[in-house]
Number of protein chains: 2
Amino acid sequence: MIKIPNISDAEWEVMKICWLSAPCSANEIVKALEQSTHWKPNTIKTLIGRLVKKGVLGFKEEGRSYSYYPLITEEECIKAESKSFLTRVFGGALKPMLVTFLKDEKLSPAEIEELKLLLEKRED
Amino acid sequence: MIKIPNISDAEWEVMKICWLSAPCSANEIVKALEQSTHWKPNTIKTLIGRLVKKGVLGFKEEGRSYSYYPLITEEECIKAESKSFLTRVFGGALKPMLVTFLKDEKLSPAEIEELKLLLEKRED
DNA sequence: AATCATCAATTACACATGTAAACTTAATTG
DNA sequence: CAATTAAGTTTACATGTGTAATTGATGATT
């Protein structure tokens, strides 16, 4: 079980693009993030480089351009980050956390239905 | 609506003690955290000082000792951190987040029952 | 060959965070 | 009263993160 490195807020944004469109070039990531953030290309490239250094992203050289791909799945990163959040903010207690979110955020009737089914499945 | 400053992981630990037993002296915080962490008293005092600087903790002088109290409620901090987490990791989508947690973590039958009720209440 | 464009790598710098020692001052103890 | 202890403040230093410029190398174009 490999230890998942800490991924910073900014790095999450980069990873999200990569998980969505891997493999992708730095240019593609830059293009995507320039739209959603006000980061300069150099900023984004630094973030890419740091993720590579952390072992979260890998790359394959294609000519003079690199093709980047995730070394850790989105699911795994989400799981690790979720666990960390749950522990830090709720001391590991799931129910109070769920109650907090259910109180504060919006859900459609279909989503509520689906969650109820999921809870019922958890009773088995 | 005051902007809640970012509270680091270590600072969360300090705040949790304070929310639990406010008002409290630095010594009380130190005693509590020495048990649950391997931090030196100086470390904990620094964290306290930073929280004061961030405007998250206030204090009242009592002799040469300070009595610390939270300037932001636990609920508010949890809400802010939860929102930030939801946005960063799930792009703001509540259902996928709930699904992830329900898949990965344990709940007692009573807790499941309670959550179902809460979901039903959300349907109204 | 010189120039330009493009790409990754290196460097820069400020601030935040983790961790804690050193310092200052006041109170307490012997 | 001197020495010690206790409490808060300041300083220290390494690493992480946000943000981005600069540098170096290579390929394409003129």
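These numbers come from a predicted model, not from an experiment. First the proteins, then the strands, lettered A, B, ... as listed; each starts at 1.
- Taking all atoms of both residues into account, the shortest heavy-atom contact from A:D104 to B:K79 is OD2-CG, 3.2 Å.
- Atom C1' of nucleotide D:dT17 and atom CD1 of A:I44 are separated by 16 Å, given to the nearest angstrom.
- At least one side-chain heavy atom of B:K40 sits less than 4.5 Å from a side-chain heavy atom of B:T43.
- A salt bridge links B:E11 and B:K54; the closest N-O separation between the charged side-chain nitrogens and carboxylate oxygens is under 4.0 Å.
- Protein atom CD1 of A:I48 is 15 Å distant from nucleotide atom P of C:dT10, rounded to whole Å.
- Between A:K116 and B:E120, at least one side-chain N (NZ, or NE/NH1/NH2) sits under 4.0 Å from a carboxylate O, which counts as a salt bridge.
- Between the OG atom of A:S8 and the CZ atom of A:R50 there is a distance of 8.0 Å, given to the nearest 0.5 Å.
- In this structure, NZ of B:K60 is placed 15 Å from P of D:dG8, rounded to the nearest angstrom.
- Minimum interatomic distance between B:Y68 and B:V52 (heavy atoms only, all atoms of both residues): CE2-CG2, 3.9 Å.
- Between the CD atom of A:E62 and the P atom of D:dT26 there is a distance of 19 Å, given to the nearest Å.
- Look at CG on A:L47: it is 15 Å from C1' on D:dA21, rounded to the nearest Å.
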Please tabulate, one pair per line, each protein N/O and nucleotide N/O from nucleotides 11-16 of chain C that are separated by under 3.5 Å, including the distance.
none

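- Residues from residues 30-43 of chain B with heavy atoms under 4.0 angstrom of DNA chain C, sorted by number: B:W39, B:K40, B:N42, B:T43.
- Rounded to an integer number of Å, the gap from B:E28 CD to D:dA6 P is 16 Å.
- In this model, no donor atom of one side chain and acceptor atom of the other lie less than 3.5 Å apart for A:E62 and A:S65.
- In this structure, CD1 of B:I29 is placed 13 Å from C1' of D:dA7, rounded to the nearest angstrom.
- The aromatic rings of A:F101 and B:F85 are tilted relative to each other, their planes meeting at an angle between 30° and 60°.
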When you look at A:C18 and A:C24, which way does the side chain to side chain contact (heavy atoms under 4.5 Å, CB included) test go after all the steps?
-> CA-CA 7 Å; A:C18 227; A:C24 48; 3.6 Å; yes
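- Pairing each heavy atom of B:L71 with each of B:G58, the nearest pair is CG-N, 3.5 Å.
- Atom OH in B:Y68 sits roughly 11 Å away from atom P in D:dA7 (whole-Å rounding).
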Show each protein N/O and nucleotides 4-7 of chain C N/O combination with a separation under 3.5 Å, one pair to a line.
from: C:dT6; atom 1: O2; to: A:R64; atom 2: NH1; distance (Å): 3.2
from: C:dT6; atom 1: O2; to: A:R64; atom 2: NH2; distance (Å): 2.2
from: C:dC7; atom 1: O3'; to: A:R64; atom 2: O; distance (Å): 3.4

Taking it one step at a time, do A:K95 and A:F90 satisfy side chain to side chain contact (heavy atoms under 4.5 Å, CB included)?
-> CA-CA 9 Å; A:K95 199 205 68 172; A:F90 292 94; over 6 Å; no
